[in-house]
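Accompanying notes for the structure given below.
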Amino acid sequence: MSLPTTTDAIMIAKRVLSHETSKGIYPYKEFPAVLGKETAGTIIALPTDEAVLNDETYKKNDFRVGGKVAADFLGTHASYISVPWKFVYPVPENISTRTAAAGILQALTAYTFFEEAYKVQKDDKILVHTVAGGLGLLMAQLGRHRGAIVIGTTSTSQKAELAKKNGAAHVILYKDEDTVARVLEITNGEGVEGVFDGVGKDTFDNNFKLIKRKGTIVSVGNASGPVEPFSPLRLVEKNVKLLRPTMTNYTYTAEEAYYYGKKVFELIGDDTLHINIFQEYPFTADGVRQAQSDLVGGKTTGKLIIKVD
């Protein structure tokens, strides 16, 4: 097989993909379009541009042909991909490409949000909506690791047990319990220092009722739809801070990506962060269709992955 030459990109032979959905909130700008964002595999070609090869951050990554890497880049549902090097993360020998593909996006999201959106510290009380998905479970683990008290919401008792095993101190069944009342009960009426909300529209208003004075609400996702426009005056009552960040703006530069990638794979490598994989699917039209159906059906926990070969 002949490979195209690359100037600033790394060619990767794909092994494992991770499956996500956005419910059309982030539409493709043009078609045809290749799906996929998270992946892991083996390097088969390196950049040729001398400026890249001499870049200090590029050299710190120690990319090598045959080395394992993960990538976070749109358009990765293919057997071979070419990815700009700053979106590629070296995978340590003690971590499989399967784990790397399943963990790269959500582990980076959990870590960067806990560092920069709201810095979670020992004895903080934080709320995670919802806590039994791939990102929520990692936030529960990371919160426990930092000594925080993690309160989570989820839909079933089975998911609640999984969340508790992953570090949640309290889990609220939002279909059966009043989330605001339970959070205020757990926090003795004070509320939580931080909210990490992956649900969006359905939970947004209540976040203001359970956040502590001078607390931080981090809008993480849109599972129930995007938050509707509102007046900034809503922040006044408790001097609340509100963010809607993206992980890619915390890993925007090559140096930031290197720093956070290294931190995350250290935590995955020593099992501080355990990547929960719900199911593996074949890299076929039927396999991807089934993964999508399972994911939007709300019955999954952890990550869904697609195996290329």
Side-chain angles (χ1 to χ4, degrees), residues 10 12 14-23 25-26 28 34-41 68-78 81 83-92 95-117 128 130-142 166 196-198 218-223 244-252 254 256-269 272-281 288 291-292 295-296 300-308:
I10 291 175
I12 303 172
K14 304 288 288 307
R15 294 293 179 269
V16 187
L17 313 167
S18 181
H19 189 70
E20 293 279 347
T21 184
S22 68
K23 294 188 175 181
I25 294 173
Y26 310 112
Y28 280 89
V34 179
L35 301 177
K37 196 168 189 295
E38 310 150 72
T39 188
K68 292 185 295 183
V69 289
D72 175 45
F73 191 69
L74 196 62
T76 60
H77 274 31
I81 56 172
V83 180
W85 69 270
K86 82 169 193 173
F87 300 112
V88 179
Y89 299 83
V91 175
I95 298 174
S96 68
T97 53
R98 185 176 188 267
T99 296
I104 184 64
L105 176 63
Q106 291 183 335
L108 280 171
T109 299
Y111 193 87
T112 56
F113 282 25
F114 273 34
E115 277 290 300
E116 299 204 41
V128 178
T130 59
V131 74
L135 179 60
L137 292 173
L138 290 173
M139 286 183 165
Q141 293 173 34
L142 189 56
N166 279 268
F196 294 86
D197 185 357
V218 184
S219 179
V220 179
N222 316 282
R244 180 53 175 98
T246 63
M247 178 273 289
T248 52
N249 270 325
Y250 291 137
T251 59
Y252 186 80
E256 288 170 331
Y258 172 78
Y259 172 82
Y260 281 122
K262 195 168 187 297
K263 289 287 186 182
V264 160
F265 278 125
E266 286 173 357
L267 292 172
I268 294 174
T272 297
L273 292 181
H274 175 73
I275 307 303
N276 291 275
I277 296 174
F278 174 74
Q279 192 168 321
E280 184 177 294
Y281 302 81
V288 174
Q292 177 72 4
L295 185 59
V296 300
T300 67
T301 57
K303 291 292 292 185
L304 284 63
I305 62 172
I306 298 167
K307 196 170 189 304
V308 177

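Please read these numbers as outputs of a predicted model, since none were measured by experiment.
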(request) Please answer whether the main-chain N or O of Ile95 pairs with a side-chain N or O of Lys68 as donor and acceptor at a distance below 3.5 Å. (result) yes
(request) Compare all side-chain heavy atoms of Val34 with those of Ile81 and state whether any distance is below 4.5 angstrom. (result) no
(message) Please enumerate all residues that pass side-chain contact (heavy atoms from CB on, under 4.5 Å) together with Thr109, with sequence neighbours excluded.
(response) Leu105, Phe113, Leu135, Met247
(request) Check each of Ile305, Thr99, Leu137, Ile104 against Ile275 using the side chain to side chain contact (heavy atoms under 4.5 Å, CB included) test, and report the only one that passes. (result) Thr99
(request) Check Val91 against Ala100 and note the closest heavy-atom contact, atom names and distance. (result) CG2-CB, 3.7 Å
(request) Mind listing the closest non-hydrogen atom pair of Leu108 and Gly261 along with its distance? (result) CD2-N, 3.9 Å
(request) Step by step, work out the side-chain contact (heavy atoms from CB on, under 4.5 Å) result for Glu38 and Lys303. (result) CA-CA 11 Å; Glu38 310 150 72; Lys303 291 292 292 185; 3.1 Å; yes
(request) Search all heavy atoms of Leu138 against all heavy atoms of Ala107 and return the closest pair with its distance. (result) CD1-N, 3.6 Å
(request) Please check if the side chain of Glu116 supplies one atom and the backbone of Thr112 the other of a donor-acceptor pair under 3.5 Å. (result) no
(request) Is it possible for you to check whether Lys86 lies under 6.0 Å from the centre of the six-membered ring of Tyr252, through NZ or CZ, and within 45° of that ring's axis? (result) yes
(request) Verify side-chain contact (heavy atoms from CB on, under 4.5 Å) between Leu267 and Gln141, making sure each step is shown before the conclusion. (result) CA-CA 10 Å; Leu267 292 172; Gln141 293 173 34; over 6 Å; no
(request) With sequence neighbours left out, write down each residue that passes ring pair (Phe, Tyr, Trp, His ring centres under 6.0 Å) with Phe265, or none if nothing qualifies. (result) none
(request) Measure across Trp85 and Ala254 and return the closest heavy-atom pair with its distance rounded to 0.1 Å. (result) CH2-CB, 3.5 Å
(request) Quick one: sort the Tyr111 and Tyr260 rings into parallel, tilted or perpendicular, breaks at 30° and 60°. (result) perpendicular
(message) Please determine whether side-chain contact (heavy atoms from CB on, under 4.5 Å) holds for the pair Tyr250 and Glu256, giving the CA-CA distance in whole Å, both sets of side-chain angles, and the decisive distance to 0.1 Å.
(response) CA-CA 7 Å; Tyr250 291 137; Glu256 288 170 331; over 6 Å; no
(request) Considering non-hydrogen atoms only, spot the tightest contact between Thr248 and Lys37 and give its length. (result) CG2-NZ, 4.1 Å
(request) Please tell me if the side chains of Val83 and Ile10 come closer than 4.5 Å, counting only heavy atoms from C-beta onward. (result) no
(request) Look up atom CD1 in Ile12 and atom CZ in Phe73, then write down how far apart they are to the nearest 0.5 Å. (result) 10.0 Å
(message) Working to the nearest 0.5 angstrom, can you tell me the gap between Asn166 CG and Leu273 CG?
(response) 10.0 Å
(request) Keeping the roles fixed (side chain from Glu280, backbone from Lys307), state whether a donor-acceptor pair exists under 3.5 Å. (result) no
(message) Show the nearest heavy-atom pair for residues Gly41 and Thr97, with the distance to one decimal.
(response) O-CG2, 3.9 Å
